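Scroll down for the structure; my scribbles are underneath it.
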Number of protein chains: 2
Amino acid sequence: MSALTNAIEILRCFSSARPDLSFADVMALTGKPKSSTSRLLRALRDCGLLEQDPHSRRYRPGLLTFELGRLHRAHDDLISMAERELREVCARTGHTGYIAVLDGYEQVVLRIVPGSNPLRVVNPPGQRTPALATSNGRAMLARLSDEDIRARVPATYPKLPRNSPQNFKQLMARLNEIRRTGASEAADESIEGVGSQGFALKSGETGEMIGIAVSYSVQATTASERANVRRELAAMAEKLRRMTGDLIDQSVARVQAGPR
Amino acid sequence: MSALTNAIEILRCFSSARPDLSFADVMALTGKPKSSTSRLLRALRDCGLLEQDPHSRRYRPGLLTFELGRLHRAHDDLISMAERELREVCARTGHTGYIAVLDGYEQVVLRIVPGSNPLRVVNPPGQRTPALATSNGRAMLARLSDEDIRARVPATYPKLPRNSPQNFKQLMARLNEIRRTGASEAADESIEGVGSQGFALKSGETGEMIGIAVSYSVQATTASERANVRRELAAMAEKLRRMTGDLIDQSVARVQAGPR
DNA sequence: AAGGTGGTTCCAAATTTTGGAACCTTGTCC
DNA sequence: GGACAAGGTTCCAAAATTTGGAACCACCTT
């Protein structure tokens, strides 16, 4: 599927860091010849996966992506359940909640539940982050086999924030700690000044896995507030595991806190 | 681009009426042979445009569509759309444009689009003004229920400029006139010597509402220029309503002009 | 066992794709 | 006006990919 593969390669050039691209951008990023690029962009534009600004000539994701994206897991029971419970936790704690999924060694935020706290962590859904550097990301990785983790982490270990695991050995130590203690937490990692706690949840029926986290400002959140978040997430995790048939060892059933 | 075209054909089978599809569904909907369908679905799954529920075997839009759709949405939200259109109107008319939202009985200016006219109305974003005394403010109020309007206007009617409605009865008369004629316009109200015309726009999807206005100096703007502004805003309103799914009666679809 | 669903693989013919070269349009600068 | 750059488009022959029918597979139900 060479044409399709090439088209997808172009689609993957778009990100929140690069929401729109020029003809030359696409050429540089993909390394494809001018004529191939021209034909591919035209095909993508004609089918609705890309659209082009008439003035700037720049390309961006088109309406079809929006229409399809809205359908993505719109009727996912696991996510709906988790989101309902998370809303209550965020209403009580005032902090912002996230639901994310793993893709490779990265995670993608699917849902955000705003808190009432005036100091707000702002991150749009759809954002991609190394799962190695987030609380819920690490919680999800800890639920995988070591082989699976090894296969996901790039051979060239990604450059991560200072407080995140700096190599595979450190990562595995962190993950084993999460497996042992049930605690996944971090501060000043993927976002400076922001801490979070999270856990992973699996559907016993489908095997689907999501990572749930609550984040807050490190400086503005007291130790007792953090302890409260821990208790809230522990209760939430236990409730959701019962609801979804998430089989997990009791020894790691406690809340896993992490960065985010 | 036959493979790409066929893949897109499959993607277009998904809708909110059919958020996920089985192998047989796809075959029936596209009429493609089994082997082609199998290869196409596999390619779409491998590239992230579709994902497959491991339990039910059904296909649905994949993570990549979610991510790209979010990028599309970020570009195409209500305010961004309105601002882009307003820029063109202001470029053509030369006057200053405003986008505001309602907060209680007041409006808050979110965006300002400068015109080229040397006589310029200057108002900073974030400014609060009684919506009762502005063209776009009154246009937005006219879109609310009478109970909502009543709940927003303080029990002690606010002191307003001379040409603005001086009591609740006069306000309702003005709003009903806007509802009837679709015209919301004023002069010498919130700013002495300044007139404006505006309309309200609602997102069919989210219910979010904004008020859009173009303002000008009353003395320096001829009647034919004002008529031109009216035509420009009417065309802009119609276009935006189509784009946003703003359902409004045809009888009030004409431009509403107001003070500002 | 028969039948159905959800696929996968093989194969030769048909179709599409590819990249380099030549070309086009529009705009900017000297 | 000429030169250059950005953003493309079209042509062409060789290479690559795609196609649909047939055969096959795994699993489930009656």
Side-chain angles (χ1 to χ4, degrees), chain A residues 1-15 18-62 64 71 73 75-76 203-208, chain B residues 1-15 18-62 71-72 75 84 87-88 91-92 116:
Chain A
M1 295 280 174
S2 194
L4 180 56
T5 304
N6 289 329
I8 301 307
E9 190 179 342
I10 288 178
L11 288 179
R12 287 200 179 278
C13 293
F14 294 89
S15 67
R18 288 187 308 249
D20 60 353
L21 297 168
S22 69
F23 187 90
D25 290 339
V26 175
M27 268 180 58
L29 287 166
T30 58
K32 289 186 195 307
K34 217 167 174 183
S35 55
S36 299
T37 303
S38 175
R39 280 190 300 260
L40 285 165
L41 284 173
R42 180 173 173 167
L44 285 167
R45 191 185 59 205
D46 289 351
C47 74
L49 283 176
L50 290 184
E51 66 191 23
Q52 189 177 22
D53 187 292
H55 294 108
S56 66
R57 319 298 299 166
R58 297 176 74 83
Y59 298 87
R60 60 190 175 233
L64 183 56
L71 301 176
R73 303 207 190 179
H75 304 291
D76 188 305
S203 162
E205 185 183 36
T206 68
E208 180 185 7
Chain B
M1 297 278 175
S2 191
L4 180 56
T5 303
N6 288 330
I8 301 306
E9 190 180 342
I10 289 180
L11 289 179
R12 287 197 179 277
C13 293
F14 294 89
S15 67
R18 289 188 307 251
D20 59 354
L21 297 167
S22 69
F23 186 91
D25 290 339
V26 175
M27 268 178 60
L29 288 166
T30 59
K32 290 188 195 304
K34 215 168 177 184
S35 56
S36 299
T37 303
S38 175
R39 281 190 298 258
L40 286 165
L41 284 173
R42 181 173 173 166
L44 286 167
R45 192 186 59 206
D46 290 350
C47 74
L49 282 175
L50 290 184
E51 64 191 29
Q52 189 177 22
D53 186 302
H55 189 65
S56 67
R57 320 295 298 164
R58 297 176 74 83
Y59 297 87
R60 62 197 179 209
L71 293 176
H72 173 90
H75 180 268
R84 278 198 305 274
R87 282 192 189 282
E88 300 198 11
R92 288 196 292 270
S116 57

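All values reported here derive from a predicted model rather than from experimental measurement. Letters go in sequence order (proteins before strands), and every chain restarts at 1.
- The base of C:dG7 does not come close enough to the side chain of B:Arg39 for any donor and acceptor atom to sit less than 3.5 Å apart.
- Residue B:Ser2 has no polar side-chain atom (N or O) positioned under 4.0 Å from OP1 or OP2 of C:dT15.
- Protein atom OH of B:Tyr59 is 15 Å distant from nucleotide atom P of C:dT5, rounded to whole Å.
- We find that CG of B:Leu40 is positioned 9 Å from P of D:dG20, with the value rounded to whole Å.
- The nucleotide whose nearest atom lies closest to any side-chain atom of B:Ala3 is, among D:dA22, C:dG19, D:dT18, D:dT18.
- In this structure, A:Leu50 places its CG atom 16 Å from P of D:dG7, rounding to the nearest Å.
- OP1 or OP2 of D:dG8 has not a single side-chain nitrogen or oxygen of A:Ser38 nearer than 4.0 Å.
- Within the structure, a side-chain polar atom (N or O) of B:Arg42 is placed less than 4.0 Å from OP1 or OP2 of C:dT9.
- The side chain of B:Arg57 places an N or O atom within less than 4.0 Å of a non-bridging phosphate oxygen (OP1 or OP2) of C:dG7.
- Taking for each of A:Ser35 and A:Ser56 the nucleotide of DNA chain D with the nearest heavy atom, the 5'-most of the two is the partner of A:Ser56.
- A heavy atom closer than 4.0 Å to some atom of DNA chain D occurs in A:Ser22, A:Phe23, A:Ala24, these being the qualifying members of residues 18-27 of chain A.
- End-to-end axis angle of the helix from C:dA1-D:dT30 to C:dC30-D:dG1, using five pairs per end and rounding to 10°, comes to 30°.
- Within the 4.0 angstrom heavy-atom criterion, base atoms lie near A:Lys34.
- Closest to the A:Pro33 side chain, of the nucleotides D:dG8, C:dG19, D:dG20, is C:dG19.
- Which of C:dT17, C:dG7, D:dG20 sits closest to the side chain of B:Ser36 comes down to D:dG20.
- Put simply, B:Gln52 has no side-chain N or O that comes within less than 4.0 Å of OP1 or OP2 on C:dG6.
- As a whole-Å value, the separation of B:Asn6 CG from C:dT15 C1' is 12 Å.
- Here C:dT5 presents its P atom at 13 Å from CZ of B:Arg58, a figure rounded to the nearest Å.
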